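Counting begins at 1 with the first residue of the sequence. These numbers come from a predicted model, not from an experiment.
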Amino acid sequence: QVHLEESGGGSVQSGGSLKLSCSRSGYTYSSYCMAWFRRVPGKEREEVATIDSDGNSNYRDSMKGRVTISQDYAKESVYLQMNNLQPEDTAMYYCAAELSDTPIGAYYSPCQSYIYWGQGTQVTVSS
């Protein structure tokens with residue numbers, strides 16, 4: 001079993017910054033994609049950023065330039081640095097994991113289907 005735990009959420013004023021953390025525990029897989037999603041009540045969940053075990057990252061277009069996803073392989077942790085936060089960034093942020101024992105390549109295309117989810121951490125941005 002795999003457990004994901006987020007931390008780092010909080011309340012900030014417009015223009016502020018937060019760094020979210022997601023720690024992964026349990027079985028260690030050789031390949032993975034870790035992602036940050038967010039959800040505002042009444043709206044669909046949005047993918048914010050992804051990073052895979054090869055170090056490739058992708059970002060939601062609307063957040064490029066304001067967020068950076070990173071990882072610490074030894075700590076099995078993923079981070080989301082968010083800068084210049086705006087009220088519309090207010091949401092519950094979730095960490096998600098797609099894990100595989102198959103190397104990324106012809107037989108494993110990462111960041112397609114997330115099985116493991118954290119409980120979420122709330123980010124609130126006031127104007």
Side-chain angles (χ1 to χ4, degrees):
Q1 188 59 277
V2 173
H3 179 69
L4 303 177
E5 185 167 353
E6 305 97 334
S7 61
S11 297
V12 296
Q13 291 191 329
S14 180
S17 299
L18 283 174
K19 186 175 184 178
L20 307 183
S21 299
C22 172
S23 62
R24 186 175 76 246
S25 61
Y27 184 78
T28 299
Y29 289 80
S30 58
S31 306
Y32 57 80
C33 177
M34 298 294 296
W36 286 98
F37 286 80
R38 67 183 184 182
R39 173 172 276 164
V40 176
K43 294 188 177 182
E44 290 191 3
R45 183 177 62 202
E46 298 178 337
E47 183 180 275
V48 176
T50 66
I51 190 165
D52 65 29
S53 45
D54 284 351
N56 301 303
S57 60
N58 281 287
Y59 298 93
R60 184 175 186 80
D61 285 346
S62 63
M63 300 192 77
K64 286 180 180 178
R66 296 196 299 123
V67 299
T68 302
I69 191 169
S70 61
Q71 63 185 329
D72 185 321
Y73 291 101
K75 294 182 179 180
E76 295 187 271
S77 294
V78 175
Y79 309 96
L80 186 70
Q81 176 68 47
M82 301 189 292
N83 301 319
N84 192 24
L85 285 163
Q86 301 300 315
E88 54 266 32
D89 295 318
T90 295
M92 183 70 80
Y93 285 73
Y94 297 91
C95 175
E98 177 193 84
L99 308 171
S100 175
D101 281 324
T102 302
I104 294 174
Y107 298 101
Y108 172 45
S109 180
C111 309
Q112 302 294 320
S113 177
Y114 303 95
I115 296 177
Y116 300 101
W117 294 81
Q119 293 298 306
T121 186
Q122 178 68 37
V123 171
T124 302
V125 185
S126 57
S127 57

Is there side-chain contact between [X] and [Y], with at least one heavy-atom pair below 4.5 Å?
X: Met34; Y: Leu4; value: yes
X: Ser30; Y: Ser53; value: no
X: Glu88; Y: Val125; value: no
X: Val2; Y: Tyr29; value: yes
X: Ser25; Y: Glu76; value: no
X: Met82; Y: Trp36; value: no
X: Ile104; Y: Asn56; value: no

Next item on the list: Tell me whether the guanidinium CZ or amine NZ of Arg24 lies under 6.0 angstrom from the six-membered ring centre of Tyr32 and within 45° of its axis.
Entry: yes
Item checked: Pi-cation contact, Tyr59 with Lys64 (under 6.0 Å, within 45°) ->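 Negative - Lys64 is either too far from the ring of Tyr59 or too far off its axis.
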Starting from [Y], can I reach [X] by hopping between I/L/V/M/F/W/Y residues whose side chains sit under 4.5 Å apart?
X: Tyr116; Y: Leu80; value: yes
X: Tyr79; Y: Val123; value: no
X: Val48; Y: Val12; value: yes
X: Leu20; Y: Tyr73; value: yes
X: Phe37; Y: Leu18; value: no

Next item on the list: Would you give the length of the straight line joining atom NZ of Lys75 to atom OG of Ser21, rounded to the nearest 0.5 angstrom?
Entry: 9.0 Å
Notebook entry, point to check: Roughly how far, to the nearest 0.5 Å, is CG of Leu85 from OG of Ser17?
Noted result: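 Ser17 atom OG to Leu85 atom CG measures 6.0 Å (nearest 0.5 Å).
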Next item on the list: Assess whether atom CD of Gln119 is packed by more than 12 heavy atoms of other residues, nucleotides or ligands within 6.0 Å.
Entry: no
Check: Is it true that atom CD of Gln13 has more than 12 heavy atoms of other residues, nucleotides or ligands lying nearer than 6.0 Å?
Finding: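 Result for CD/Gln13: open.
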Specify the closest pair of heavy atoms between [X] and [Y], including all atoms of both residues, with the distance to one decimal.
X: Tyr108; Y: Pro103; value: CB-O, 3.6 Å
X: Val40; Y: Ala91; value: CG2-CB, 3.7 Å
X: Asp52; Y: Pro110; value: OD2-CG, 3.8 Å

Is [X] reaching over with its side chain to a backbone N or O of [Y], donor-acceptor style, under 3.5 angstrom?
X: Ser31; Y: Thr102; answer: yes
X: Glu6; Y: Thr121; answer: no
X: Gln86; Y: Asn84; answer: yes

Item checked: Ring geometry between Trp117 and Tyr94 (parallel below 30°, tilted from 30 to 60°, perpendicular above 60°) ->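 Answer is perpendicular, since the angle exceeds 60°.
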Notebook entry, point to check: In chain order, what residues pass the salt bridge (charged side-chain N to carboxylate O under 4.0 Å, His left out) check against Glu98, with sequence neighbours excluded?
Noted result: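 Here no residue qualifies.
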Next item on the list: Return the set of residues passing salt bridge (charged side-chain N to carboxylate O under 4.0 Å, His left out) with Arg66 (not counting sequence neighbours), or none when no residue passes.
Entry: Asp89
Note to self: Go through it in stages, so that I can follow the logic: the residues are Arg38 and Met63, the test is side-chain contact (heavy atoms from CB on, under 4.5 Å), and I'd like the CA-CA distance, side-chain angles, deciding distance and then a yes or no.
What the structure shows: CA-CA 12 Å; Arg38 67 183 184 182; Met63 300 192 77; 3.5 Å; yes
